[in-house]
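Below is one structure, written out as structure tokens; comments come after it.
First the proteins, then the strands, lettered A, B, ... as listed; each starts at 1.
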Amino acid sequence: MDKIRLRFAPSPTGALHIGGVRTALYNYLLARKEGGTFVLRIEDTDQSRYVPGAEDYIINALKWLGMEPDEGPGFGGEYGPYRQSERKDIYQKYTQQLIDQGDAYYAFDTAEELEQARQKDVTFKYDAGARMQMRNSLSMKPEEVEKAMAEGLPYVIRLKVPDSETVLFTDVIREEVAFDTAELDDKVLLKADGMPTYHMANIVDDHLMKITHVIRGEEWLSSTAHHVLLYRFLGWEDEMPTFAHLPLILKPSPESYLNKSTTPVLAKRMAQEFARRQPDEAKGYESKAENLALQAFQDKKNLTTHLKEKDKDDAQKAAFKAFLKSALYGKLSKRDGDRLGFPVFPLSWEGETAEDSFIGFREYGFLPEATLNFLALLGWNPGDEREMFDKAALIDAFSLERVNKAGTKFNIDKARWFNQQYIIKSDNAYLAEQLRPMLKEKGYAPDEVFLLQFIELMKERAVTLPDFVENGYYFFERPRGYEEKMIKKRWKPERHTLFTELVDGLEQLPDFSAEAIKASSEAFMEKHGLKFGEVLPMLRLANAGTMKGPAVFEMMELLGKEEVSQRMRSAFNAFDDIAQS
RNA sequence: GGCCCGUUCGUCUAGGGGUUAGGACGCCAGGUUUUCAUCCUGGUAGCACGGGUUCGAAUCCCGUACGGGCUACCA
């Protein structure tokens, strides 16, 4: 059997969404598992949505996760070019073939006319029933068509969907799926600007690039019947690729994050976003919107009931309810990251505005290995109880048959857990590499030995990379403040002198090791009849300012004698003030 | 609205005629660590509903409900 060939075919309209990354991953995994080829194809047929930099972003994201394409723009391959905008004439040729065969036709309807038709009838479909009423080469006389063409009237080419037959295809994940062509519309194949639509381009390219498996999101399931028709008309049905439609990644359910503290914030944010995105409907409705959201959120058990549109709703209310519904439920979207405070993109994206800029998993502090592992399990499982998988294990275990059918709600907590696990088992030197830039940004430049020990001490206490810096900042600078509660409870100003004696003792230590510090502290405690609980918290607080952190004596060893002594002497003065306040 | 797809703990899922319905995250409790975290132990909680088929249904069939996708000269 020939080697399998898979493709990831994103469109360069901005940052690559996490769902797209997972699609790429499944394509990549299957290609690697079967010793096949992983192709990257850029679907840039919509010039109006083209965003410069998006293609680089896609490639960088794939590289970050270790999924380099075997073929693609900049990667070589014998089936190029791999950008659809560079393949225009190829599509035109095949579209012409369909015209000649009578399987496609010219249509001259303007955007306005189509818009009107849809407005008159919401269920309007450009199909066998409607096409003779429209302006196209089927309804017009040949000479009218010729005249229109001669005049240079803009036209599109549409697929002539057969009247009434059943299109059946097999999906690896969903098994048999059937569509009646009577339900299908005459999809545009070639747009007025001469560019193909997705439907035409993807069939032609998949065939020409000898793609054997099409793994894509479920949003494509509905148009697959059109695609089958296209394969048939082009005479390629026998070599049609295997289809696999992936379950979608969904937003977390509102019930999981709505609580007393998030409710008011989210209600306000929703009202503001509504005002920004739909200014006309929102005009003068801002405060009412916030109230409505607040009420609905507070009664989260009946949230869907609150959002149901009622007959007596005015237009603004209905519009806001619809907006809320789409913001709260459904496919995970780029806005959800901002709204809920977690990344939905692999890498950060700098858009034109802050509105259009998003943080990535990388910048949020995720390790690529963890991101990959987490993503792989979003809709797939190995069939046993393992869940920690490196790339090689993933390649070994992956199969399309074990991909789920149902949509998967995004769960940031599980993602964070994965990241924590990966941080714990990562090499300190590797983590040091990741941490260096973050440290530098804060103005910290520890030497390598110090950094490695710092990581060793902190790695079990970090969920994301920035946690190292945020929770362990006091390794690089003096404590910014002291946790007062413990001081008020435990610090006795009359013991100030006593504690100074402890510092004196520590300063005499020839070897400032954790063991020596411990021994010296224990001797001190014994001499003065003090308990661990009376001394250790003070040592911790004096050096770190917080009660959270690694073992005290090890922390002190890393800080060094000089630093510890200074920190403690000045801390005790501060403790006196706090205790007396 | 129409068409298509789906539904097992709060979430991700295993299980596909006879199971004490298993695991993971989260949460709760206990232990270890005189902090925090890690780690260990335990607990919490689930087959959407209604009909069939069957000796027996979470599992098969039909319907309902609910969720999702599509319904562009976007992909």
From [atom1] of [X] over to [atom2] of [N], roughly how many Å is that when rounded to an integer?
{"X": "A:L190", "N": "B:C73", "atom1": "CG", "atom2": "P", "value": "13 Å"}
{"X": "A:H227", "N": "B:C4", "atom1": "NE2", "atom2": "P", "value": "17 Å"}
{"X": "A:E183", "N": "B:U71", "atom1": "CD", "atom2": "C1'", "value": "11 Å"}
{"X": "A:Y474", "N": "B:U35", "atom1": "OH", "atom2": "P", "value": "14 Å"}
{"X": "A:N419", "N": "B:C25", "atom1": "CG", "atom2": "P", "value": "15 Å"}
{"X": "A:K300", "N": "B:G10", "atom1": "NZ", "atom2": "P", "value": "13 Å"}
{"X": "A:L307", "N": "B:G67", "atom1": "CG", "atom2": "P", "value": "11 Å"}
{"X": "A:Q421", "N": "B:C12", "atom1": "CD", "atom2": "P", "value": "20 Å"}

Sugar-phosphate, base or nothing in reach of [X], heavy atoms under 4.0 Å:
{"X": "A:F418", "value": "nothing"}
{"X": "A:K331", "value": "sugar-phosphate"}
{"X": "A:N404", "value": "sugar-phosphate"}
{"X": "A:F179", "value": "sugar-phosphate"}
{"X": "A:A192", "value": "base"}
{"X": "A:P10", "value": "nothing"}
{"X": "A:G379", "value": "sugar-phosphate"}
{"X": "A:E387", "value": "sugar-phosphate"}
{"X": "A:A178", "value": "sugar-phosphate"}
{"X": "A:T224", "value": "nothing"}
{"X": "A:R540", "value": "base"}
{"X": "A:G549", "value": "base"}
{"X": "A:E113", "value": "nothing"}
{"X": "A:V122", "value": "nothing"}

Side chain of [X]: nearest nucleotide among [options]?
{"X": "A:S11", "options": "B:G68, B:U13, B:A75", "value": "B:A75"}
{"X": "A:K187", "options": "B:U71, B:G69, B:A75", "value": "B:U71"}
{"X": "A:E219", "options": "B:G69, B:G6, B:U35", "value": "B:G69"}
{"X": "A:L248", "options": "B:G69, B:G26, B:A75", "value": "B:G69"}
{"X": "A:E385", "options": "B:C25, B:G22, B:C73", "value": "B:G22"}
{"X": "A:V156", "options": "B:U11, B:C73, B:C5", "value": "B:C73"}
{"X": "A:R461", "options": "B:C25, B:U35, B:A75", "value": "B:U35"}
{"X": "A:W417", "options": "B:G68, B:C25, B:C5", "value": "B:C25"}

Please determine if a side-chain N or O atom of [X] lies less than 4.0 Å away from the OP1 or OP2 oxygen of [N].
{"X": "A:Q420", "N": "B:U38", "result": "yes"}
{"X": "A:R118", "N": "B:A72", "result": "yes"}
{"X": "A:T123", "N": "B:U71", "result": "no"}
{"X": "A:N381", "N": "B:A14", "result": "yes"}
{"X": "A:R402", "N": "B:G15", "result": "yes"}
{"X": "A:K191", "N": "B:C74", "result": "yes"}
{"X": "A:T408", "N": "B:U13", "result": "yes"}

Any cation-pi pair here, A:R277 with A:F323, using under 6.0 Å and within 45°? no
Measure from NZ or CZ of A:R158 to the centre of the six-membered ring of A:Y126, then state whether that distance is under 6.0 Å and the direction lies within 45° of the axis. yes
Pairing nucleotide - [N], Watson-Crick or G-U, each distance under 3.5 Å:
{"N": "B:A24", "value": "B:U11"}
{"N": "B:G1", "value": "B:U71"}
{"N": "B:G16", "value": "none"}
{"N": "B:U38", "value": "none"}
{"N": "B:G50", "value": "B:C62"}

A:S85 vs A:M195 side-chain heavy atoms within contact, under 4.5 Å: yes
Taking the six-membered ring for Trp, are [X] and [Y] parallel (under 30°), tilted (30 to 60°) or perpendicular (over 60°)?
{"X": "A:F243", "Y": "A:F169", "result": "perpendicular"}
{"X": "A:F389", "Y": "A:W380", "result": "perpendicular"}
{"X": "A:H199", "Y": "A:H226", "result": "tilted"}
{"X": "A:Y57", "Y": "A:W349", "result": "perpendicular"}

Identify whether the distance between the nearest side-chain nitrogen and carboxylate oxygen of A:R7 and A:D206 falls below 4.0 Å. yes
Charged N-O contact under 4.0 Å between A:K334 and A:D336: no
Spacing of the [atom1] atoms in [M] and [N] (rounded, Å):
{"N": "B:C12", "M": "B:U7", "atom1": "C1'", "value": "14 Å"}
{"N": "B:C28", "M": "B:U19", "atom1": "C1'", "value": "27 Å"}
{"N": "B:G52", "M": "B:G6", "atom1": "C1'", "value": "22 Å"}
{"N": "B:G15", "M": "B:G26", "atom1": "P", "value": "24 Å"}
{"N": "B:A58", "M": "B:G46", "atom1": "P", "value": "15 Å"}
{"N": "B:A37", "M": "B:U44", "atom1": "C1'", "value": "24 Å"}
{"N": "B:C25", "M": "B:U20", "atom1": "P", "value": "26 Å"}
{"N": "B:C62", "M": "B:U54", "atom1": "C1'", "value": "16 Å"}

Sidechain-backbone polar pair: A:H245 side chain, A:S222 backbone, donor-acceptor under 3.5 Å: no
Any donor-acceptor pair under 3.5 Å joining the side chain of A:S222 to the base of B:G69? yes
Please report whether the ring centroid of A:F345 lies less than 6.0 Å from that of A:F361. no
What about the rings of A:Y155 and A:Y105, do their centers lie closer together than 6.0 Å? no
I'd like to compare against my own output: the B/S/- annotation of nucleotides 40-47 of chain B with a strict under-4.0 Å heavy-atom distance to protein. --------
